[in-house]
J.: 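Can you keep this structure in mind? I'll have questions shortly.
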Amino acid sequence: AALLFTLGAPALASAQSANLASFFNEANQMNNEEQDMAKELKSKAGDNQTLVTMADTIRDDHKDNQTALEALASQKNVTLKSYEKNKAAQDQLDNLKGAQFNETFLNMDIRDHEKALAAFRRAKSEFSSDPQVRVYVDQTIPVLEAHLKMAQNLHHDDKVLGSRENAANNKKSD
């Protein structure tokens, strides 16, 4: 039995390593995409200080998370893949302004943060035996939860969304 365990251990370690690389690359993609989305939000927020603050918070938090991810990936000898922009989401947001942009952005942000939380919660159980990964995951989950809550709260705030009835009167930055 000991021989079987010894023979199976390298395969298990290899699978764990592949799963870790996959998780790290998913986190890398999420961080970069959120930074891009925050830039787009800030450019279209106009004088809506709530949205400007949200954009700055998301950008800074995901930039910090990316720095932590890159350090951890280096420690674990995982090479992160190049970021691939989400062209479909970018195209959808590029053509919107005012309340339409705000609502679409917040819907996307809610969806993206729910997806990110699901990935990090899976990673929490999958990599629970790795203390370094566990610390990274445990530090990231509350930040993702805060971003999700912020987007959900703003999505229900008509002052943030702007007037749906008369979107032409909403602040725009062209």
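Sequential numbering from 1 along the given sequence is applied to the chain's residues. Here the structure is a predicted model, which means the values were calculated and not measured.
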J.: About how many Å separate OG1 of Thr53 and CE of Met150, when rounded to the nearest 0.5 Å?
T.: 9.0 Å

J.: Do Arg122 and Glu26 come close enough that some side-chain heavy atom pair is under 4.5 Å?
T.: yes

J.: Is there a salt bridge (charged side-chain N to carboxylate O under 4.0 Å, His left out) between Glu40 and Lys44 once you walk through the steps?
T.: CA-CA 6 Å; Glu40 180 83 8; Lys44 291 193 175 186; 3.5 Å; yes

J.: Has Gln75 got more than 12 heavy atoms of other residues, nucleotides or ligands less than 6.0 Å from its CD?
T.: yes

J.: Side chains of His62 and His147: does their closest heavy-atom pair fall under 4.5 Å?
T.: yes

J.: Working to the nearest 0.5 Å, report the span between NZ of Lys76 and CG of Leu20.
T.: 7.0 Å

J.: Is the closest side-chain donor-acceptor distance between Asn32 and Asn28 under 3.5 Å?
T.: yes

J.: Tell me whether Tyr83 shares a hydrophobic cluster with Val78, the cluster being built from Ile, Leu, Val, Met, Phe, Trp, Tyr side chains joined at under 4.5 Å.
T.: no

J.: Start with the C-alpha distance between Leu51 and Phe105, add both sets of side-chain angles, then the distance that settles side-chain contact (heavy atoms from CB on, under 4.5 Å), and finish with yes or no.
T.: CA-CA 10 Å; Leu51 292 178; Phe105 176 89; 5.9 Å; no

J.: Do Leu80 and Asn25 come close enough that some side-chain heavy atom pair is under 4.5 Å?
T.: yes

J.: Under a 4.5 Å cut-off applied to non-hydrogen side-chain atoms, are Leu93 and Met108 in contact?
T.: yes

J.: Taking the side chain as every heavy atom from C-beta outward, state whether Gln92 and Thr104 have any atom pair closer than 4.5 Å.
T.: yes

J.: Output, in order, the C-alpha distance, side-chain angles, deciding distance and verdict of side-chain contact (heavy atoms from CB on, under 4.5 Å) for Leu106 and Gln152.
T.: CA-CA 8 Å; Leu106 290 169; Gln152 288 169 330; over 6 Å; no

J.: Would you name the heavy atoms of Ala45 and Val52 that are closest together and state the gap between them?
T.: CB-CG2, 3.7 Å

J.: Assess the side chains of Asn107 and His155: does a donor N or O sit below 3.5 Å from an acceptor N or O?
T.: yes

J.: Please determine whether side-chain contact (heavy atoms from CB on, under 4.5 Å) holds for the pair Leu96 and Glu103, giving the CA-CA distance in whole Å, both sets of side-chain angles, and the decisive distance to 0.1 Å.
T.: CA-CA 10 Å; Leu96 299 175; Glu103 184 163 14; over 6 Å; no

J.: Could you give the distance from CG (Asn65) to CD1 (Ile58), rounded to the nearest 0.5 Å?
T.: 13.0 Å

J.: How about Tyr136 and Phe120: are their ring centres within less than 6.0 Å of each other?
T.: yes

J.: Step by step, would you call Lys39 with Glu34 a salt bridge (charged side-chain N to carboxylate O under 4.0 Å, His left out)?
T.: CA-CA 9 Å; Lys39 183 179 177 183; Glu34 284 300 314; over 6 Å; no

J.: Going hydrophobic residue to hydrophobic residue with side-chain gaps under 4.5 angstrom, can you get from Met37 over to Val143?
T.: no

J.: Can you tell if the side chain of Gln66 reaches within under 4.5 Å of the side chain of Lys63, non-hydrogen atoms only?
T.: no

J.: Quick check on side-chain contact (heavy atoms from CB on, under 4.5 Å): which of Leu144, Asp138, Val137 does Thr140 satisfy it with?
T.: Leu144

J.: Could you measure the distance from the CG atom of Leu148 to the CZ atom of Arg111? Nearest 0.5 Å is fine.
T.: 12.5 Å

J.: Please confirm whether the backbone N or O of Asp91 pairs with a side-chain atom of Asn95, one donor and one acceptor, at under 3.5 Å?
T.: yes

J.: Of all heavy-atom pairs between Lys42 and Arg59, which one has the smallest distance, and what is that distance?
T.: NZ-NH1, 4.0 Å

J.: To the nearest 0.5 Å, what is the distance between CG on Asn48 and CG on Leu154?
T.: 8.5 Å

J.: Measuring only between side-chain heavy atoms, which start at C-beta, is Arg134 closer than 4.5 Å to Asp130?
T.: no

J.: Give the minimum heavy-atom separation between Leu69 and Phe24, together with the two atoms involved.
T.: CD2-O, 3.6 Å

J.: What I'd like to find out is whether the side chain of Asp109 reaches to under 4.5 Å of the side chain of His113, using heavy atoms alone.
T.: yes

J.: Classify the side-chain pair Gln90/Asp94 by whether it contains a donor and acceptor separated by less than 3.5 Å.
T.: yes

